[in-house]
Structures are given as C-alpha cells and as structure tokens.
Amino acid sequence: MLLIILAGLLPAAILVYHIYKADYLQPEPPAQIKRAIIFGIGSIFVSMLFSVPFESFGLFSNTYTTMSGAFRLALFGAGLPEELAKLIMLFLVVRSNPYFDEKMDGIVYAVCVSMGFAGFENLTYLGAAGTDWVGVSISRALLAVPCHYYNGVFMGYFFAKYWFESENKLSNLFWALAAPVITHTLYDFTLMYMSVESSPIVSTLLFAFLIYLCMQMLKWSSKRISEHLDEDARNPDGYQKSEKSARDFYDRSDRV
C-alpha cells in the first residue's frame, strides 16, 4: 500500500517542485504552495457538481462504443467539469493572497491546483488497478499527470494576463478555461477512442497523435513559462497597484 501511495503522489510532487524552482525571481511561500495543492484536491469534488448534472442531462455516458460517445465523455465528463473546478479553486487561492503579484505566480498556483487534483486522482486509479498498478502508475506518470501539469500552465498563463492586464480581460479569462479544456478533452478523447477502436492502423495513428499532442503541450507550456518570467524580470516591483511591491510588505519565507 505504501508503494502505491508513493507511486501515485510522486509524479505530482516532482512537478510541483519543478514549477516552484522555476519561479526563481520571487518564489511563493511554501505555505501558499501547500494551500493551492489542498484546494486542488478539493477541486475533484467541485468537479462533480458539474459532471453529475451533465450526465443526468444525457450529455455523456461512462459507457460508450462510438467516436461521438468518447468525445462527449472526454468533454462533459472530464475536460470541462475538471478544468472549470480548477479555475474556481484558482480564484479562491489567489483572491486574498498578498503574494500573488507576478504573472509567473499565476502559473505556479494553477499548476499546484492541478497537481493536487492529479495526485489524488492518481491514487484512485492505482487503487482500482489491482495487481496492474505498476504498469498503470508508469503510464500515468509519463502521460496523464504531465497533461494535468500542462493544463495548469495554460490556465495560469491566461489567468495571470486576465488578473494583471487591463486589456482583453474577458478574452484572457475565456482562454484561461478554454485552453486547458481543449487540450484536456483532446487527450482524453484520444485515449478513450483508442479503447473502442478495432482497427490496429487507426489505433496506431491515434497513439502517434497522443504523443505528438503531449510534445506540443510541453513545448507550448515551456514557452509560456519563459514569457511570464521575462515579463516579471522587466517589472521587478510586481504588478500590485501600490507605490511599493508586495515583497516590501511580505516575507515570502513565511510558513504560517
């Protein structure tokens, strides 16, 4: 059981550490990182507030045999409710957070929310895998958990632009949800359709597309992180609407 817990949580923990270290200009306090992760775990239950009604309205079914069924499950059963729940939790994490004063912070907190979700979700998948938990843990560590990470970057990138920029606010807020929903849905749809596709050729093409999608998400997320870091470096006093930056008022090593 201990090995299953470690295998379930380690990929998410590694990615949290990675994004924490990437924010080298003004790292967020560890207490705020932990808080975002806890809110991410909570987003699992918030997502059910959307997925359960979606299912009752007939928008998707957990049993499917067609491309349409796979797509509707990927969108209404996973992509939309899960990313919407994460965005709500991201709002709650940053709305009264005095340390949220850089664009990179939006990515950091969004990733931590996503990793809280992904870590807990991983435990449920491994717990249900039985004796196959090793293979499931490896595949999810290489694909599913990083996908949640990329979605967190996409959400945080546009959310920070929405929060700190005065122009295109509605557009940035829209893409803070739409970008991760699109990539999340494409990822899940590809996997789900592979499970019901009988043609080996089509399955191979779908798997090739899945790998290509993950590589593109890695490339795009890396560029977006670099972009916000560069903008923050050019604005060392942060984006707070005051004469001094937030770092003049708050100790980022505070663990309370």
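In this chain, numbering begins with 1 at the start of the sequence shown.
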Looking only at heavy atoms, which two atoms of [X] and [Y] are closest? And how far apart?
X	Y	value
Ala141	Pro11	CB-CG, 3.7 Å
Gly77	Ser51	O-CB, 4.4 Å
Asn122	Ala7	ND2-O, 4.0 Å
Ala176	Leu87	CB-CD1, 4.4 Å

(message) Under the rule for side chain to side chain contact (heavy atoms under 4.5 Å, CB included), what residues qualify as partners of Phe189, not counting sequence neighbours?
(response)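 Met67, Ala70, Phe71, Ala74, Tyr193.
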May I have the list of side-chain donor-acceptor pairs in residues 209-222 shorter than 3.5 Å, sequence neighbours left out?
unit_1, atom_1, unit_2, atom_2, d
Ser221, OG, Met217, O, 2.9
Ser221, OG, Leu218, O, 3.0
Ser222, OG, Leu218, O, 2.9

Anything under 3.5 Å between a donor and an acceptor, one on a side chain of residues 123-137, the other on a protein residue two or more places apart or in another chain? List them.
unit_1, atom_1, unit_2, atom_2, d
Thr124, OG1, Glu121, O, 2.5
Ser137, OG, Trp133, O, 3.2
Ser137, OG, Val134, O, 2.6

Return the [atom1] to [atom2] distance between [X] and [Y], rounded to the nearest 0.5 Å.
X	Y	atom1	atom2	answer
Glu83	Thr185	CD	OG1	8.0 Å
Leu90	Met155	CG	CE	7.0 Å
Met115	His18	CE	NE2	11.0 Å
Met89	Ile44	CE	CD1	10.0 Å
Ser114	Ile107	OG	CD1	11.5 Å
Ile88	Ser43	CD1	OG	9.5 Å

[X] with [Y], same ILVMFWY side-chain cluster at under 4.5 Å:
X	Y	result
Leu84	Phe174	yes
Phe158	Phe91	yes
Ile19	Ile41	no
Val52	Leu59	no
Leu3	Ile138	yes

Is any side-chain heavy atom of [X] less than 4.5 Å from a side-chain heavy atom of [Y]?
X	Y	answer
His184	Leu75	no
His148	Leu15	no
Val93	Val113	yes
Phe100	Phe164	yes
Phe120	Leu9	no

I'd like to know whether [atom1] of [X] has more than 12 heavy-atom contacts from other residues, nucleotides or ligands below 6.0 angstrom.
X	atom1	answer
Tyr64	OH	yes
Lys223	NZ	no
Phe207	CZ	no

(request) Please determine which of Tyr150, Tyr149, Tyr20 meets the side-chain contact (heavy atoms from CB on, under 4.5 Å) test together with Val111. (result)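 That would be Tyr149; it is the only one of Tyr150, Tyr149, Tyr20 passing the side-chain contact (heavy atoms from CB on, under 4.5 Å) with Val111.
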(request) Using the ring of Tyr157 (Phe, Tyr or Trp, six-membered ring only), decide whether Lys103 places NZ or CZ under 6.0 Å from its centre and within 45 degrees of its axis. (result)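 That pair does not qualify as a cation-pi contact.
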With sequence neighbours excluded, tell me which residues meet ring pair (Phe, Tyr, Trp, His ring centres under 6.0 Å) with [X].
X	value
Phe60	none
Tyr162	Phe159
Phe76	Phe54

Distance-only donor-acceptor check, side chains [X] and [Y], under 3.5 Å:
X	Y	answer
Tyr109	Glu28	yes
Ser68	Thr66	no
Lys161	His228	no
Thr183	Asn151	yes

(request) Please identify each residue that fulfils salt bridge (Lys or Arg N to Asp or Glu O under 4.0 Å) with Arg35, with sequence neighbours left out. (result)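 For Arg35 there are no salt bridge (Lys or Arg N to Asp or Glu O under 4.0 Å) partners, ignoring immediate neighbours.
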(request) May I have the step-by-step check of side-chain contact (heavy atoms from CB on, under 4.5 Å) for Tyr99 and Val94, ending in yes or no? (result) CA-CA 8 Å; Tyr99 305 96; Val94 305; over 6 Å; no
(request) Any chance you could pull the hydrophobic cluster mates of Leu2, using side-chain heavy atoms under 4.5 angstrom and chaining through other members? (result)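 Other cluster members: Leu6.
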(message) Test question: given the 4.5 Å side-chain rule for I, L, V, M, F, W and Y, name all other residues clustered with Leu10, or answer none.
(response)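 Once heavy-atom contacts under 4.5 Å are chained together, Leu10 belongs with Ile14.
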(message) Using side-chain contact (heavy atoms from CB on, under 4.5 Å), reason through Val202 and Leu206 one step at a time and then give a plain yes or no.
(response) CA-CA 6 Å; Val202 175; Leu206 288 171; 4.0 Å; yes
(message) Going by side chain to side chain donor-acceptor pair (under 3.5 Å), name the pairs with one or both residues in residues 171-180, residues two or more places apart or in two chains.
(response)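 Residue pairs passing side chain to side chain donor-acceptor pair (under 3.5 Å), neighbours aside: none found.
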(message) As a quick check of understanding, evaluate side-chain contact (heavy atoms from CB on, under 4.5 Å) for Glu102 and Asp23, giving each step before the final call.
(response) CA-CA 10 Å; Glu102 294 179 308; Asp23 184 26; 4.0 Å; yes
(request) Start with the C-alpha distance between Ile33 and Val108, add both sets of side-chain angles, then the distance that settles side-chain contact (heavy atoms from CB on, under 4.5 Å), and finish with yes or no. (result) CA-CA 8 Å; Ile33 297 294; Val108 171; 3.6 Å; yes
(message) Ser166: which residues meet the side chain to side chain donor-acceptor pair (under 3.5 Å) condition with it, sequence neighbours left out?
(response)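 Listed in chain order: nothing, the list is empty.
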(message) Run the side chain to side chain donor-acceptor pair (under 3.5 Å) test against Tyr187 and tell me which residues pass, sequence neighbours left out.
(response)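 Side chain to side chain donor-acceptor pair (under 3.5 Å) list for Tyr187, sorted by chain: empty.
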